[in-house]
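One structure below.
These numbers come from the heavy atoms of this one structure, side chains and all, not from hydrogens, waters or symmetry mates.
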Amino acid sequence: MAREITSALAGSFPLVLCVMRGAIIFAGQLLPQLRFPLEFDYLDLTRYRNTTRGGEISWRVTPGTAVAGRTVLVLDDILDQGHTLAEVRAKLLAAGAGRVFYAALTEKDTGRAKPVRADFVGLRMPDRYVFGCGMDIGGLWRNLPDIYAVKEDNC
């Protein structure tokens, strides 16, 4: 993924935004592999609020770095239904971002259309609730070094 991102964005001096909290491990592993100058910041929003079902989006922190006219790369832990990334995209474009790219550690194969797509994807996952590598279950286990799936009857 780092090679793909480098090929696409190396000459654009992008602003890289980590979606907190889930993408922190992903960002920590990806950023050292991006061998070009960039600016880094974060944003924080949630749909899950420590549950396994998504609800309304709640913004906690918007980026502190101006996005107007910038190429922005958003790093997220998972592209599930796409609602969160669609909200991020809308907010960044409304703030004047020139181009917005998405890199997702994982993407769920939900079998349904999504309002956004990831430009860069690490792993494709089945339509199950997953946790670990930054992704939580009930607010816990983000620190696991591997990705686990909840049994389907437990969601």
Side-chain angles (χ1 to χ4, degrees), residues 1-110 112-125 127 129-137 139 141-144 147:
M1 182 186 297
R3 283 189 295 271
E4 291 177 44
I5 292 170
T6 298
S7 177
L9 302 180
S12 66
F13 186 55
L15 171 60
V16 179
L17 296 175
C18 177
V19 177
M20 296 299 276
R21 300 173 168 93
I24 190 72
I25 291 176
F26 174 43
Q29 293 176 347
L30 178 66
L31 288 174
Q33 297 181 57
L34 300 178
R35 307 297 175 132
F36 55 86
L38 56 85
E39 278 190 277
F40 180 76
D41 204 342
Y42 72 98
L43 51 89
D44 192 356
L45 69 161
T46 185
R47 283 187 64 228
Y48 290 87
R49 294 177 191 78
N50 296 333
T51 69
T52 58
R53 302 266 188 252
E56 279 197 41
I57 293 172
S58 172
W59 280 87
R60 296 175 177 151
V61 178
T62 57
T65 305
V67 300
R70 300 289 304 270
T71 296
V72 179
L73 172 63
V74 177
L75 305 180
D76 204 0
D77 55 354
I78 190 162
L79 177 54
D80 188 341
Q81 296 174 18
H83 301 301
T84 303
L85 283 181
E87 172 79 12
V88 169
R89 175 182 167 79
K91 188 170 272 298
L92 293 173
L93 290 174
R99 293 186 70 189
V100 179
F101 292 86
Y102 301 109
L105 172 61
T106 61
E107 181 174 4
K108 257 190 215 182
D109 180 12
T110 63
R112 295 177 295 277
K114 299 175 185 180
V116 294
R117 67 174 194 78
D119 300 286
F120 313 99
V121 176
L123 300 167
R124 307 245 179 230
M125 308 295 284
D127 192 11
Y129 193 91
V130 294
F131 61 99
C133 286
M135 298 174 281
D136 75 294
I137 181 163
W141 295 116
R142 291 182 190 279
N143 55 307
L144 293 172
I147 298 172

Interatomic spacing from [atom1] in [X] to [atom2] in [Y] - rounded to 0.5 Å:
X: Ile57; Y: Thr84; atom1: CD1; atom2: OG1; value: 4.5 Å
X: Ile5; Y: Leu38; atom1: CD1; atom2: CG; value: 10.0 Å
X: Leu75; Y: Met20; atom1: CG; atom2: CE; value: 11.5 Å
X: Arg70; Y: Leu92; atom1: CZ; atom2: CG; value: 11.5 Å
X: Ile137; Y: Leu144; atom1: CD1; atom2: CG; value: 10.0 Å
X: Ile78; Y: Tyr129; atom1: CD1; atom2: OH; value: 8.5 Å

Within the structure provided, determine whether [X] and [Y] are in side-chain contact (heavy-atom separation under 4.5 Å).
X: Asp76; Y: Tyr102; result: no
X: Trp141; Y: Met135; result: no
X: Cys18; Y: Phe40; result: yes
X: Leu45; Y: Val19; result: yes
X: Val121; Y: Leu79; result: no
X: Met1; Y: Phe26; result: yes
X: Leu34; Y: Thr6; result: yes
X: Arg142; Y: Ile24; result: no

For [X] and [Y], which heavy atoms make the closest approach, and how far apart are they?
X: Met125; Y: Val130; result: CE-CG1, 3.8 Å
X: Lys114; Y: Lys108; result: NZ-O, 2.5 Å
X: Asn143; Y: Ile25; result: CA-CD1, 4.5 Å
X: Phe13; Y: Pro37; result: CD1-O, 3.6 Å
X: Gln33; Y: Ala2; result: CB-CB, 3.6 Å
X: Phe36; Y: Pro14; result: CE1-CG, 3.6 Å

Next on the checklist: Tell me if a side-chain donor or acceptor on Arg35 pairs with a main-chain N or O of Pro32 at a distance below 3.5 Å.
Outcome noted: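 A pair under 3.5 Å: yes.
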Item to check | Expected output: side-chain Asp41 to main-chain Gly64 donor-acceptor under 3.5 Å | outcome: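 Yes; judged by distance alone, with no hydrogens or angles, the pair exists.
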Checklist entry - Picking from Thr65, Val16, Leu9, Leu17, what satisfies side chain to side chain contact (heavy atoms under 4.5 Å, CB included) with Val72? => result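 That would be Leu17; it is the only one of Thr65, Val16, Leu9, Leu17 passing the side chain to side chain contact (heavy atoms under 4.5 Å, CB included) with Val72.
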Next on the checklist: Test of understanding: with ring-ring contact (aromatic ring centres under 6.0 Å, His included), list the residues that count as partners of Tyr42, not counting sequence neighbours.
Outcome noted: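 By the ring-ring contact (aromatic ring centres under 6.0 Å, His included) rule, Tyr42 matches no residue at all.
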